[in-house]
> 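A single structure is presented below for examination.
Note that the structure is a prediction, hence the values are computed from the model and not measured.
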Amino acid sequence: MGIEIGHFALISALIISVVQMVVPYYGVLKSDLRLMELAAPAAVFQFALLFISFLTLVYAYITSDFTVENVFRNSHSTKPLIYKLSGVWGNHEGSMLLWLLILSSFSAAVAVYGRNLPISMKATVLSVQSSIAFAFALFIIFTSNPFVRISPAPYDGKGLNPILQDPALALHPPLLYLGYVGFSLAFSFAVAALLEKRTDAAWARWVRPWTLIAWIFLTLGIAIGSWWAYYELGWGGWWFWDPVENASLMPWLSGTALLHSALVMEKRAALKVWTILLAILTFSLSLLGTFLVRSGILSSVHAFAVDPERGIFILLIIIVFTGGSLALFAIRSGSISDNGLFAPISREGSLILNNVLLTVSCGVILIGTLYPLAYETISGGDKLSVGAPYFDLVFGSLMAPLLIALPLGPFLTWKRGDVIAASQRLLFTGLITMLTIVMVAALVQRGPWLAPVGFSLGIWVMSGAVQELFFRVNMGKTSLNNSLKRLMGLPRSMCGTSIAHFGVGLMVLGIVATSAYRAENILIMKTGDQTKVAGHRLVFRKVQQQNGPNYNSLVGYFDVYWSDSKVATLNPSKRTYNVSSQTTTEAGIHASLFGDVYVVLGDAQKTNGFTVRIYFNPFVRFIWIGALVMSLGGLISLSDRRFRIGAPQRSRNTKLVLSE
């Protein structure tokens with residue numbers, strides 16, 4: 001009976017979504033306050049129903065209720081509890097229910113914390129949000145229902161895909177969805193702005209915190225996914241330019257541009273068209289990512305669904321929401337007036353350059369991702385691959401000028417800036433950067449000739465972020481005590497931005513170092529053999545059979561030495577899962593701040609040895625540390641009180657206090 005409660009709650013949520021979609025906006029059209037006020041309780045009630053629905057599916061997984069087809073196909077009675085829980089969203093149907101639950105949670109958050117939003121704007125935003133919920137609730141009920149029963153009930157389930165049985169994969173999808181779906185609020189605010197004909201500083205400030213929340217979650221989700229791929233898939237890399245990886249990167253790039261564009265709109269009443277368009281495109285790219293994963297048109301470790309009907313349904317959702325919003329944008333864009341005037345060399349100009357480079361980067365990734373699919377369709381089945389060389393060259397070429405300009409922007413003034421004065425303030429940063437190029441070229445005499453320049457760009461961005469904070473607090477021009485007082489008095493959004501930029505620099509260091517200076521050794525080893533990689537000596541001591549809770553594994557033991565001192569024992573393994581008979585690779589990693597020794601145990605050879613792959617990835621940890629620092633910067637910015645007290649208004653009828 002429990003699973004039927006979940007099914008009934010899902011259907012009830014669909015009905016409530018219709019009410020929330022139609023009634024409040026009808027109230028906006030008729031200026032009926034009572035109808036508009038219905039939006040908030042409807043959003044909260046819809047979230048409560050979907051939460052009940054999701055909990056019933058979770059309970060079915062925990063209790064191994066194999067009368068539910070979704071549980072039977074994706075779980076097993078011997079699975080550890082954490083993987084029973086992650087199995088809820090480790091499949092198509094359950095993950096889409098989580099997607100819908102998160103969508104409703106953002107609507108409920110606006111309903112609860114948006115008490116001071118203008119009532120018509122709030123009603124319109126929640127109506128648009130509910131239209132998205134209605135579409136996906138229909139999609140789940142008619143094509144991806146997780147509550148379907150099977151009879152007679154099987155004795156046990158088929159189990160979860162072994163590569164998804166990992167703690168990082170328990171976190172990766174929810175964080176990614178919080179990012180994807182969080183951008184729906186920016187989309188809803190954009191559509192509401194077009195319908196209400198309201199694009200002002202207050203609107204930009206309403207949008208920024210919600211966009212920032214989504215950006216933080218998406219940053220963390222992508223980082224955890226990259227980390228999982230690094231240690232779980234056994235290939236020693238952190239990014240493969242997989243189409244589904246690209247699908248998560250594209251909304252992150254456009255969302256980053258949206259954050260910067262909304263800042264200009266709030267401060268200078270400029271870039272209004274940019275901001276509205278970016279809000280629409282960012283969520284559209286999130287929908288595209290959902291389509292790529294769920295349609296079955298891609299072969300990827302990330303892809304769940306293989307039913308073309310589901311892909312067509314999601315494609316229709318994309319067409320309706322993206323096409324409809326762009327059509328509305330085309331109709332209303334002429335009435336959007338950008339009042340802010342500024343010179344090309346200014347803070348506004350630097351942010352426009354930032355937006356152009358980010359959106360063009362997003363565009364070239366989109367082309368590289370979709371072109372093989374389009375070519376296969378047009379050619380009648382011929383395959384074409386667009387791989388890392390294309391993405392590395394094009395994306396890297398666009399990111400280089402962005403990284404060069406990044407520290408300069410904060411030193412330019414609004415409206416009209418002085419690039420010479422800004423450069424003079426960064427003189428010390430420039431000297432450090434030039435010294436870095438010389439040192440790296442002298443110490444590491446291998447790799448691409450541009451690698452020292454790329455490495456120095458990371459130093460340039462990091463030093464520029466620190467230099468900006470020093471400049472704001474008059475470090476060196478006043479006493480240390482006064483500087484610290486000024487630091488505590490700075491707006492948190494300013495501090496958060498500098499910290500996030502510092503994180504970008506850390507990521508650049510890690511990306512360039514591990515891409516350019518990675519060392520590898522692939523060989524056949526017997527027990528007792530030893531080899532060297534990047535100054536480390538590895539001794540292959542033994543192999544041993546071990547049993548896990550639902551798998552058997554063959555574990556290798558490798559002692560790692562540095563200067564004749566033992567620093568670690570690594571245990572790479574090959575796991576064979578009992579239910580599916582699938583085999584996965586578990587790498588052995590000796591992690592350190594300056595580089596990872598990464599060992600993969602391969603197949604047994606007829607000579608009684610094993611194929612062993614050994615890598616040294618310098619500074620690779622800086623990639624994920626940088627992502628964490630970026631997210632920390634976002635959280636600090638989010639705590640800025642200005643997001644809660646509002647922006648000055650020119651209209652007498654608009655409230656000044658903003659939602660949290």
> My understanding is that only residues two or more places apart in sequence, or in another chain, count here; which of them pass side chain to side chain donor-acceptor pair (under 3.5 Å) with Lys197?
none

> What pairs with Ala168 under side chain to side chain contact (heavy atoms under 4.5 Å, CB included), at least two apart in sequence or on another chain?
Asp166, Ile224, Trp227, Trp228, Tyr231

> Would you list the pairs meeting salt bridge (charged side-chain N to carboxylate O under 4.0 Å, His left out) in which at least one residue belongs to residues 132-142, sequence neighbours left out?
none

> Grab the two heavy atoms, one from Arg310 and one from Thr143, that are nearest each other, plus how far apart they are.
NE-O, 3.0 Å

> Give the table of side-chain donor-acceptor pairs shorter than 3.5 Å for residues 387-398, with sequence neighbours excluded, one pair per line with atom names and distance.
unit_1	atom_1	unit_2	atom_2	d
Tyr390	OH	Val364	O	2.9
Asp392	OD1	Trp241	NE1	2.9
Ser397	OG	Leu393	O	2.6

> Out of curiosity, Phe502 CZ to Ile499 CD1, how far, rounded to the nearest 0.5 Å?
10.0 Å

> Would the Phe217 and His172 ring centres measure less than 6.0 Å apart?
no

> For Ser188, check side chain to side chain donor-acceptor pair (under 3.5 Å) against everything at least two apart and list the hits.
Gln129

> For Leu632, enumerate each residue passing the side chain to side chain contact (heavy atoms under 4.5 Å, CB included) test, keeping only those at least two apart in sequence or located in another chain.
Ile636

> Would you give me the side-chain donor-acceptor pairs under 3.5 Å for residues 272-285, sequence neighbours excluded?
unit_1	atom_1	unit_2	atom_2	d
Lys272	NZ	Thr199	O	3.2
Lys272	NZ	Ser337	O	3.1
Thr275	OG1	Ser261	O	3.4
Thr275	OG1	Ser261	OG	2.7
Thr275	OG1	Leu271	O	2.7
Thr282	OG1	Ser254	OG	3.1
Thr282	OG1	Leu278	O	2.7
Ser284	OG	Ile280	O	2.8
Ser284	OG	Thr322	OG1	2.9

> For residues 206-232, pull every pair meeting salt bridge (charged side-chain N to carboxylate O under 4.0 Å, His left out), keeping only residues two or more places apart or in separate chains.
Arg208-Glu266

> Can you name the one residue among Thr256, Leu402, Leu403 that meets side chain to side chain contact (heavy atoms under 4.5 Å, CB included) with Val504?
Leu403

> Scan residues 99-108 for pairs that pass salt bridge (charged side-chain N to carboxylate O under 4.0 Å, His left out), counting only residues two or more places apart or in two chains.
none

> With sequence neighbours left out, write down each residue that passes side chain to side chain donor-acceptor pair (under 3.5 Å) with Ser226, or none if nothing qualifies.
Trp624

> Name all residues meeting the salt bridge (charged side-chain N to carboxylate O under 4.0 Å, His left out) criterion together with Arg73; count only those two or more places apart in sequence or in a different chain, and write none if there are none.
Glu69

> Excluding sequence neighbours, so at least two apart, what forms side chain to side chain donor-acceptor pair (under 3.5 Å) with Tyr230?
Asp596, Asn617

